[in-house]
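Here is the structure we will look at.
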Amino acid sequence: MPKKLPLFTKKLIIWYLHNKRDLPWRGKNDPYFIWLSEIILQQTRVAQGLPYYLKFTKAFPTIKDLAMATEAEVLKLWQGLGYYSRARNLHHTAKYIHSELNGRFPPDFKGLLKLKGVGDYTASAIASICYNEPTAVVDGNVYRVLSRVLGIDLPINSSSGIRVFKELAQLYLDPEQPGTYNQAIMEFGARYCVPKNPECGTCIFKEECVAFNTNSVSELPVKLKKAAVRKRHFNYLVILSEDDKTILNQRTKKGIWQQLYEFPLIETSEELAIESLLSHRDFQSFSKKFEIASVTLYNEQPVVHKLSHQHLITKFWIVETNTIACDGTPISSIKEYAVPVLIENFISDFPAI
DNA sequence: CAGGCGTGGGC
DNA sequence: TGCCCAAGCCT
């Protein structure tokens with residue numbers, strides 16, 4: 001005997017069946033494609049992730065194809081999408097599943113959760129969509145919809161909030177069609193119960209939504225503030241050598257843009273004028289290896305590249321040298337390297353490259 | 001477990 | 001412009 005569903009659940013699923021978008025991973029239940037789409041969509045809007053999903057499924061039609069690729073190929077394809085640890089974990093997990101699990105995904109939530117890059121949300125999504133396992137997802141959309149409809153002002157980034165919203169999501173889940181329910185509540189949050197100025201007047205939950213009926217939609221969900229953004233000053237040395245080469249370094253330390261490439265970087269606590277650059281310790285050691293002909297500032301106004309947690313105030317210095325840079329990178333092959341958007345924007349804008 | 005991790009869009 | 005937010009995860 002099926003359990004009686006809450007009215008919320010029924011209305012939500014009916015809304016979804018009439019309003020869902022036709023997305024390429026919808027209607028599939030192959031865990032490879034669902035996993036791939038879920039990793040791409042972590043903290044990422046559909047509009048931004050969709051072209052990457054198409055690129056990846058074309059380049060790697062099976063998990064074996066992904067496992068056989070190099071990390072450099074995967075990162076290059078991921079370039080521009082951000083949160084690059086997702087790409088490294090994706091590749092790591094593909095290789096692991098291919099070689100250790102005979103190409104088959106773990107068959108349940110618990111097993112999926114052990115995969116690198118797969119947390120509570122992603123394991124729930126794959127388990128519910130691919131295996132019909134009744135595990136509720138809790139993402140930003142779920143927090144927003146539940147906090148408003150139920151009128152809950154518990155901070156969503158507190159440990160108690162995380163626990164309570166997970167329990168509520170599970171309570172309203174349709175155990176007969178968990179995948180449909182999970183996608184329905186996320187789609188509703190993404191398309192109707194949006195963060196700012198939702199159209200509450202025509203909402204299907206107008207009658208029962210606590211936030212709407214107490215005029216507190218704009219106050220929910222509650223989120224505790226995080227630390228302020230940090231400012232960093234980046235000085236990139238764009239080397240142009242006699243033999244049309246430049247220098248690219250790979251960022252190997254932990255921190256932003258791990259494994260991606262960039263020009264030689266001098267980071268300082270304050271903005272640098274040309275005199276300070278020329279006398280800087282790192283520049284001095286650089287000039288011992290190269291015969292420097294000229295140094296000019298490319299952008300008079302520093303480029304401010306904004307990450308979610310830091311602002312990178314950036315100057316690009318064009319350094320012409322008379323040196324034959326035998327271990328340099330040919331300028332013509334720069335585009336083969338995975339670089340951050342900050343660097344990609346410079347390259348696109350710079351005539352000599 | 002608080003902080004780190006990208007980029008782009010909306011208002 | 002500045003700030004928030006987005007189909008979160010890792011350490």
Side-chain angles (χ1 to χ4, degrees), chain A residues 16 20-21 23 25-26 33-53 75 78-90 92-93 112-126 128-129 136-145 155-163 165-166 169 179 181-191 193-198 218 220-230 232 251 253-260 262 304-312 338-345:
Chain A
Y16 175 67
K20 65 178 175 182
R21 287 167 290 183
L23 299 170
W25 50 85
R26 290 246 163 99
F33 293 108
I34 299 304
W35 167 70
L36 180 59
S37 71
E38 293 298 344
I39 300 297
I40 287 174
L41 292 175
Q42 286 169 4
Q43 293 287 282
T44 305
R45 293 168 190 280
V46 168
Q48 190 186 1
L50 182 54
Y52 287 83
Y53 177 83
L75 278 171
W78 196 274
Q79 177 180 311
L81 194 53
Y83 285 141
Y84 297 96
S85 66
R86 289 185 294 170
R88 301 194 308 271
N89 290 334
L90 183 84
H92 173 95
T93 294
L112 290 164
L113 196 54
K114 294 196 174 85
L115 299 174
K116 198 166 283 189
V118 174
D120 192 287
Y121 163 78
T122 305
S124 300
I126 300 172
S128 63
I129 294 169
V137 297
V138 182
D139 73 334
N141 294 304
V142 176
Y143 282 126
R144 195 165 54 250
V145 173
I156 61 172
N157 54 347
S158 65
S159 49
S160 60
I162 291 169
R163 186 181 67 251
F165 279 100
K166 177 77 183 179
Y181 168 84
N182 278 336
Q183 294 183 82
I185 191 167
M186 290 191 286
E187 186 89 342
F188 186 76
R191 310 245 304 160
C193 194
V194 292
K196 289 186 179 175
N197 306 319
S218 62
L220 294 172
V222 173
K223 197 174 190 175
L224 299 174
K225 293 219 184 290
K226 293 215 170 185
V229 299
R230 181 163 66 109
R232 305 171 71 179
R251 292 182 70 96
K253 295 179 192 161
K254 64 175 184 176
I256 59 172
W257 303 330
Q258 201 180 333
Q259 306 300 98
L260 271 62
E262 64 184 358
V304 182
H305 188 75
K306 295 177 178 180
L307 310 183
S308 56
H309 39 287
Q310 38 188 295
H311 288 0
L312 311 178
V339 299
V341 165
L342 175 62
I343 301 296
E344 177 65 29
N345 286 347

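The chains referred to below are lettered A, B, ... by the order of the sequence lines, with proteins before strands, and numbering in each begins at 1. Remember, predicted model here, so these are calculated numbers, not experimental data.
A:His311 places its NE2 atom 16 Å from the C1' atom of B:dG4, with the value rounded to the nearest Å. A:Ile40 has its CD1 atom 16 Å from the C1' atom of C:dC9, to the nearest Å. Rounded to whole Å, atom P of C:dA7 lies 18 Å from atom NZ of A:Lys20. Between the OH atom of A:Tyr181 and the C1' atom of C:dA7 there is a distance of 14 Å, rounded to whole Å. Nucleotide C:dC9 holds its P atom 14 Å from the CH2 atom of A:Trp35, rounded to whole Å. Summarising the geometry, the separation between CG on A:Leu50 and P on C:dA7 is reported as 14 Å, rounded to the nearest angstrom. We find that CD1 of A:Ile162 is positioned 14 Å from C1' of C:dC10, with the value rounded to whole Å. One interatomic measurement links the two molecules: CG of A:Asn157 to C1' of C:dC5, which rounds to 13 Å at whole-angstrom precision.
Across all strands shown, A:Trp78 has no heavy atoms under 4.0 Å from either base or sugar-phosphate atoms. As judged by a 4.0 angstrom heavy-atom cut-off over every strand, A:Asn182 is placed among residues making no nucleic acid contact. At a threshold of 4.0 angstrom between heavy atoms, the contacts of A:Val142 with the nucleic acid are absent. Nucleic acid contact class of A:Ala190 (heavy atoms, under 4.0 Å, all strands): sugar-phosphate only. A:Thr122 comes within 4.0 angstrom of sugar-phosphate atoms only, judged by non-hydrogen atoms across all strands, and of no base.
Judged by distance alone, with hydrogens and angles left aside, the side-chain atoms of A:Ser128 form a donor-acceptor pair with the main-chain N or O of A:Ala125 at under 3.5 Å. Between the side chain of A:Glu344 and the main chain of A:Val339, no donor-acceptor pair closer than 3.5 Å is present.
Here A:Tyr16 pairs with A:Lys20, A:Arg26, A:Thr180, A:Gln183, A:Ala184, A:Glu187 under the side chain to side chain contact (heavy atoms under 4.5 Å, CB included) rule; sequence neighbours left out. The side chain to side chain contact (heavy atoms under 4.5 Å, CB included) check on A:His92 picks up A:Lys116, with sequence neighbours excluded. Applying the ring pair (Phe, Tyr, Trp, His ring centres under 6.0 Å) rule to A:Phe188 yields the partners A:Trp15, A:Tyr192, A:Phe205; only residues at least two apart in sequence or on another chain are considered. Shown here are the side-chain hydrogen bond (donor to acceptor under 3.5 Å, both in side chains) partners of A:Ser37, two or more places apart in sequence or in another chain: there are none. Applying the ring pair (Phe, Tyr, Trp, His ring centres under 6.0 Å) test to A:Phe33 and every residue at least two apart in sequence or in another chain returns nothing.
In this structure the side chain of A:Val138 never reaches within 4.5 angstrom of the side chain of A:Asp120, judged on heavy atoms.
Checking A:Leu23 against A:Lys116, the closest nucleotide of DNA chain C that is more toward the 5' end is the one next to A:Leu23. In this structure, A:Leu113 and A:Asp139 both approach DNA chain C, and ranking their closest nucleotides by distance from the 5' end singles out A:Asp139.
Atom name P, nucleotides B:dT7 and B:dG3: the rounded distance is 23 Å, in whole Å. Taking the P atoms as reference points, B:dC11 lies 15 Å from C:dA7, given to the whole Å. Remark: the separation of the P atoms in B:dG8 and C:dC9 is 22 Å, to the nearest Å.
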Given protein heavy atoms under 4.0 Å, the one-letter contact record of nucleotides 5-11 of chain B, with B base, S sugar-phosphate only and - none, is simply BBBB---
